Structures are given as structure tokens and as C-alpha cells.
Amino acid sequence: MKVLVVGSGGREHALVWKISQSAAGAKIYCAPGNAGIAEQAELVPIGADQIEKISEFAARAKVDLTVVGPELPLTLGIVDLFESRGLKIFGPDRAAARLEGSKVFAKELLAENGIPTAPFRVFEDEARARAYLEARPLPCVVKADGLAAGKGVMVCTSAAEAKAAVEQLMVQRVFGSAGETIIVEDFLEGEEASFMALVDGENYLPLASSQDHKRAFDGDRGPNTGGMGAYSPAPILSRDAEERVAKEILKPLMRGLTKRGIRYRGVLYIGLMVTADGPKVLEFNCRFGDPECQAVVMRLEDDLLSLFEATIAGRLDQARASWSDEAAACVVLCAGGYPGPFEKGKPIKGLEKLKGRDKVAVFHAGTAFAGGQWLTAGGRVLGVTARGASLSDALAEAYRAVAEIEWEGMHYRRDIGWRALK
Ligand code: AMP
Ligand code: GLY
């Protein structure tokens, strides 16, 4: 069997790693991948957004199954393109990927189906947005409608900040057309958690719960990032909370999508705020979370490819996923400067010492290999992921591995998992 994974981050490395362990003994390609992924897959030098070229490659190489990591190719319609060519692919089509591609679409669907989320208003006009903000309680949240590389959300604690957010999105257009339309919503108090499920259009299969750490520095301070670390399971998602997510969010969402003639097949990521009145939706992603995926796949005891196949075939009602009783934790190591402009090309020391550690996997997010050494090549560089009998054991194992790695300017959070441990 030939499998192609699209993308180049830690998430894609984790997917490739897990697929490479599958019984199917698959030949794995990754487009474009990264230097770490090259140890388990053949790299194909095509960018993840070059969807035409990717589909030509998949047809030529007779790839049996393509798995898409990031959101951009999904929102560009890579699934529609593959399916029109009779090629098998895992991920939502363009219409379904709008759940992530347009926050307005997502919020309208939530409101239409009575799904718990923050009260909101949509604006296409800057003056109206400002006028509305005058009368809103603080803090409030201003969001660009379209994709903005995870940076289009601004939590504003003063009226001046809220006005500046509207100005940046709608007038300066810092995220281009993503800010043509904006959402202003109420701030939700609570603890965040990530809930991912495989969805086949009719059935869903929840994946293990996880929690991400979005802020750059310890104690959840500093700017937002793509994610500085994750762990699974997330105790905040108790059995009761998970049941509420299924009943109050997933089921009505699936009905709402069907009513609109949309068939969602792939991973659905629900960014939740667990509030005093229960879980509420902050956002949807149409893909695996990164780094959540790294922690979650470390605990999966079943064959990932079979789960993808069952999703595509609409057979999730017959599928099961079993999870290790062990916890998993991922610590993301970043380049100096990240999440701002960051340095590249710094030699990474210590990686070879971590080979063969049973409970540790080092997923590469932004590395290169040249002149016989590993070099940094991205903002998030490595995801050091470990399993352990408890979350504290998993974290201790991950941080022991982190202590072996070093490069100039490397930084990371030292408090991954703090909410679960407190
Ligand atoms: P989003 O991309 O919509 O998930 O937003 C990014 C981050 O902004 C979330 O992970 C939250 O930390 C924060 N956020 C977004 N919406 C809200 C809200 N209504 N209340 C509180 N925090 C929010
Ligand atoms: N870690 C959050 C995300 O993947 O969007």
C-alpha cells in the first residue's frame, strides 16, 4: 500500500510515524515533509498548497490513500480535486472545511442549531463594529472571518484595544481579505480543551481528549503561538463533559451540516471552553490539532490507517479506537524569537542520544539536515513527546529528553500540563 501525507510539521511527522508502525507495511510519501520525516517517508518536494501538483503526483505514483495535515489545502479543495480524479483521500471537502475557513459560517451554523457558543455579531462595516463595541462589556473578542495563520483572534481588555483590533483587521487589513468581515463576541470564562473526533458524515468516533498551551511563556503569558505543548488525556474533559460535547455539540452539528447538504468526512477538531455552564465552542478546525496530534497518536493502540479507511467508507459505526492507559505529553522546542521573527540554521545538538528510547518520540516540525548535522529551519522546531504511567511521569520523561537537546536560542515552556497537575 502507498500512502501520501500532505504537510510538513510535527503533526505530519506524528502521522507518518504512526502510519509507519501500521501492520499494512505501507510505502509512505510526504509532501513536502521535513528532514525528520525523511527518516520514515520519501519526501516529495511539492508545497502543501500546490493541490494540482499533489494530485498529479498521487495519480502518477499510484498512491492508494492521501492524508491531509494542514487546513490550507483542505480549504482550497484538495479533497474535491482528488475525488474528481477517483483518488482516495482523507479529509473534509471544500464545503465542509469552511467550518475552519470561515468563522462566520461556523458561528451561523452554531447559532442555527442551538449549539453553545459565545454570543456574537458579524460586521462588514467598520463604523458599525466600533459602535457595537462601545456598548459591550469587557473583555471582548474580535475575530477575522477568514484564515489568518492562527493570529486572527484578538482578546481585548479595553475599549481602546478593541477599536485598534477592528482598525487592524478592517482598515489596515493586516490579514488581507480574511478581515473583510469580522466577528465580535463575548469573552468566555473557563478552561480550554481540545476535542477531536473522526467524522464520516453520519457517525463519529471521539479521539482521546487533549489540551494545548497556546501562549508562548510559562503561566500562560505572552503572545499566542501555534501551540507550545500538549498532553492527553485532559482531565477537564470528564466523562460527563464528553457526554455533553456529544449531545449538545456534535450531534446537533452533524444534523445541521446534513440540513445544509454538507457531508463532513475527516477529523473534526472542536476548540472548547469548559465554562461553569458546560462546554462551549470557541472554534472548529477541519484537521488534527498540532501539537495535540503528537500527544494523542502516542496513545493510540489501533491502526491509524484502518481508522482513516473506515472514515472514508462511512463505516465509523463499526470502528473502535483503543487508547493506552498511559498519559502522553509533548513539549515543543522553539527557535529564538518565535512566535515573532525567528532565527534559522542553528545546529541542533543531542538528537542522536534520544534514539531508541522506548517511551519517547521526537517529532520534527522545522528542521533541516545538511553537512552531517541537524539544523533549525522553523519557528516550532521539535515536539518532544513521551508516554508515562501518569501525566507527571510522561512529563518527567519528556523533560528528561528535552534536557539532552540544545541549540543557540532554543526556548520552550517548562510548565506543560500545569492545569492538569494542580
Ligand atoms: P480561536 O482561533 O477562535 O480558537 O481563538 C484563539 C484563542 O483565543 C482561543 O484558543 C482562546 O484562547 C481565545 N478565545 C477565542 N474566543 C474566545 C472567547 N469567546 N472567549 C475567551 N477566549 C477566546
Ligand atoms: N494547537 C491548535 C491548533 O492546531 O489549531
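Each residue takes its place number in the sequence, starting with 1. On a predicted model such as this, the values are computed, not experimentally measured, just so you know. Ligands are counted one by one from 1 in listed order, and the atoms in each one are counted from 1 as well.
Proximity to Lys103 (heavy-atom distance under 4.0 Å) selects the following atoms of ligand 1: 1 (P), 2 (O), 3 (O). Residue contact check: Lys214 has heavy atoms under 4.0 Å from atoms 10 (O) of ligand 1. Atoms of ligand 1 lying under 4.0 Å from at least one heavy atom of Met273, given by number and element, are 21 (C), 22 (N). For ligand 2 and Asp212, the ligand atoms under 4.0 Å from any heavy atom of the residue are 1 (N), 2 (C). The ligand atoms of ligand 1 that sit less than 4.0 angstrom from a heavy atom of Val141 are 16 (N), 17 (C), 18 (C), 19 (N), 20 (N). Within ligand 2, the atoms closer than 4.0 Å to a non-hydrogen atom of Gly289 are 4 (O), numbered from 1 in the order shown. Annotation for ligand 1: atoms under 4.0 Å from non-hydrogen atoms of Glu185 are 16 (N), 17 (C), 18 (C), 19 (N). Applying the 4.0 Å criterion to heavy atoms of Tyr269 picks out, from ligand 2, the atoms 2 (C).
Checked against Glu83 for a salt bridge (charged side-chain N to carboxylate O under 4.0 Å, His left out), the options Arg265, Arg263, Arg94 give a single hit: Arg265.
Remark: ligand 1 and Leu188 share an N or O pair separated by less than 3.5 Å (distance only, no angle test). On a distance-only criterion, Lys214 and ligand 2 share no N/O pair closer than 3.5 Å. Inclusion of Asn224 in the set of residues having an N or O under 3.5 Å from an N or O of ligand 1 is not warranted. Backbone and side-chain nitrogen or oxygen atoms of Glu283 are examined, and none is located within less than 3.5 angstrom of a nitrogen or oxygen of ligand 2.
For the residue pair Ser194 and Tyr269, a side-chain donor N or O sits within less than 3.5 Å of a side-chain acceptor on the partner. Counted by atom type alone, Glu292 and Gln211 present zero donor-acceptor pairs between their side chains at under 3.5 Å. A donor-acceptor pair shorter than 3.5 Å cannot be found between the side chains of Lys214 and Thr225. A donor atom on one side chain and an acceptor atom on the other are not found under 3.5 Å apart for Gln40 and Ser20. For the residue pair Glu242 / Ser238, no side-chain donor-acceptor distance below 3.5 Å is found, with atom types taken as modelled.
The single protein non-hydrogen atom nearest to atom 10 (O) of ligand 1 is Glu192 OE1, 2.6 Å, given as residue, atom name and distance. For atom 13 (C) of ligand 1, the closest non-hydrogen atom of the protein is Val155 CG2, 4.1 Å. Atom 16 (N) of ligand 1 has its closest protein heavy atom at Lys143 NZ, 3.1 Å. Considering only non-hydrogen protein atoms, atom 8 (O) of ligand 1 sits nearest to Val153 CG1, 3.5 Å. Atom 2 (O) of ligand 1 has as its closest protein heavy atom Glu283 OE1, 3.2 Å. Among protein heavy atoms, the minimum distance from atom 23 (C) of ligand 1 is reached at Leu282 CD2, 3.9 Å.
Note on ligand 2: Gly227 sits outside its first shell, no heavy atom being nearer than 4.0 Å. Look at Gly226 and you'll find a heavy atom under 4.0 Å from some atom of ligand 2. Ligand 1 has no atom lying under 4.0 Å from any heavy atom of Asp212. Taking a 4.0 Å cut-off on heavy atoms, Glu189 fails to register as neighbouring ligand 1.
With hydrogens and angles ignored, the 3.5 Å screen pairs no side-chain donor or acceptor of Thr311 with any backbone N or O of Glu309. Here the side chain of Asp290 pairs a donor or acceptor atom with the backbone of Arg11 at under 3.5 angstrom. Judged by distance alone, with hydrogens and angles left aside, the side-chain atoms of Arg173 form a donor-acceptor pair with the main-chain N or O of Met170 at under 3.5 Å.
A cation-pi arrangement is found for Arg98 relative to Phe105, the charged atom lying closer than 6.0 Å to the ring centre and inside a 45° cone about the ring normal. Geometrically, Arg215 does not engage Phe217 in a cation-pi contact defined by less than 6.0 Å to the ring centre and at most 45° from the axis.
Considering Arg287, Met228, Glu292 only, the shortest heavy-atom separation from atom 5 (O) of ligand 2 involves Arg287.
Leu169 and Phe175 make their closest contact through CD2-CD1, 3.5 Å (heavy atoms, listed as atom of the first residue, atom of the second, distance).
Between His213 and Trp418, the ring centre distance reaches or exceeds 6.0 Å.
More than 12 heavy atoms of other residues, nucleotides or ligands shown are found within 6.0 angstrom of CZ on Arg357.
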